[in-house]
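Since the structure comes first, as structure tokens, the remarks are kept for the end.
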Amino acid sequence: MTEIIPSVRGMRDVLFADASRLSHIESVFRLVLESYSFEEIRTPIVEYEQLFKRGLGESTDAVAKEMYRLLDRDEKWLALRPEGTASVVRAAIQQNLCYDDRPRLWYMGPMFRYERPQAGRYRQFQHVGAETLGLEDPLSDFELIQIVTDVFSELGISSGVQLHINSIGSSDARARFRAKLVDALQPVSHLLDDDSKTRLKMNPLRILDSKVPATQVVLRDAPKLMDSLSVESKKRFDKVLNLLENANIRYKLDHHLVRGLDYYTDTVFEWIGTGMGAQDALCAGGRYDGLTTLLGGKPTPGVGFAAGIERIALLHEQMHDVERISTDIYVVAMEESHQQYALEVAHLLRSGSDVRVRQHIGEGKIKTKLRWADRSGATWVLILGDDEQRDRTVTLKWLRFKRPQETIPLSDLLTTLYAKLEF
Ligand code: HAM
């Protein structure tokens, strides 16, 4: 037998109810984002790798360890996008959107990171993200947090999430703090976990969000990033927190939240799902006022978030059922001579309502056709034979409940079905 070719490790097929759940989450994001006047942007999945190296930082895990790189036929290094912010900012610069428009953009699509796959962590995963460009006002940070809060509430998962928030200040403040942190940790570096030892050289701030208990103990006595922030950054952060309090949005001040991408400045935030194990970050974001200049544009402040749709789905699954429904009504023609009438009935149903209609295709005994109707999961089957065709009626049979079969005039079919749906 010929060998089967499987999907790439960490990249999954999503089917049926699982796919419906992802679509549902995405559509709630779309609705809420559009209600805040965000407009959709679609950027390419592939970009020059330089965009991410410069935008996210060469030493970040997303770039140094996890980026999918590919050599184009003309010998240029490309990358499968690991995230969307750099692409959106690149597009805004290229399309001249930054300066007058103060664009509010949202996007959705697959991202790629070569991480070790496990539940909630994949090599291809789906983001819904949003970016506000051109506004420095803390209200724009707040607004993005409010959007995600509204989405979680609409999805019925608010009780399973916790918002963590921090300010990491300007890049100058961070440089000052980095030096202090390295000075403090160097003498006790033997107490740190291996990852943190490497980070002490490469990216010391990331040690702060280490989950290793021994490292967390060492960090208790380490200097606090908040103490290195400028008065301006502190004031700005207080305003964001005030807005959250006034809106009754609960948050946890998390001084160890630093985020893994280099472009952040000031506010950073993350929603953690409760009881979700290691992959519990559901959605994250923050401000990135230096990114446009880093990518060759004029200085333009920015703030945004990206939500991990698969992880939100894992939490949603713990709290809500989503049924697999592919068919509401199955239409069966008794004989080939009734097929034309069946086509007409199915089309009438589809164009006059939002029910899902599947017409039986293929020959066979009526018993076999009804078995297929049952397997489809439909609520009703419509049977069309000589009598129905002659009288322009349909015979409606319930598949899931014991109710009498009915004959309904075609002209009344939609109203009768709607009455049954309400019931
Ligand atoms: P991020 O934290 O790297 O931020 O990713 C956002 C979310 O994507 C995470 O909180 C997580 O839910 C999900 N995620 C990340 N990696 C994986 C994975 N391997 N498998 C499944 N889900 C994953 C960003 O990407 C920033 N661009 C967010 C942002 C937008 N900041 C400002 N604007």
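Each ligand, and each atom within it, is numbered from 1 in the order the structure gives.
In terms of N/O distances under 3.5 Å, ligand 1 is not approached by Tyr107. Polar contact with ligand 1: absent for Glu270 (N/O pair, distance under 3.5 Å). Residue Glu131 places at least one N or O, backbone or side chain, under 3.5 Å from an N or O of ligand 1. Considering backbone and side-chain atoms together, Ala307 places no N or O closer than 3.5 Å to any N or O of ligand 1. Among the atoms of Arg121, none of the N or O lies under 3.5 angstrom from an N or O of ligand 1.
Classification of the Tyr68-Tyr114 ring pair by plane angle, with boundaries at 30° and 60°, yields perpendicular. Using a 30° and 60° split on the angle between ring planes, His320 and His316 fall in the tilted class, from 30° to 60°.
Gln146 and Tyr36 are linked by a side-chain donor-acceptor pair at a separation below 3.5 angstrom, with hydrogens and angles left out of the test.
Between Phe269, Phe112, Phe305, Tyr264, it is Tyr264 that holds the heavy atom closest to atom 31 (N) of ligand 1. For atom 3 (O) of ligand 1, the candidate residues are Arg259, Glu83, Arg113; the nearest heavy-atom contact is made by Arg113.
Ion pair Arg250/Glu245 not flagged as a salt bridge, since none of the NZ, NE, NH1 or NH2 atoms sits closer than 4.0 Å to an Asp/Glu carboxylate oxygen. Taking a cutoff of 4.0 Å between a charged side-chain nitrogen and a carboxylate oxygen, Asp238 and Lys235 do not qualify as a salt bridge.
At least one heavy atom of Gly286 sits closer than 4.0 Å to an atom of ligand 1.
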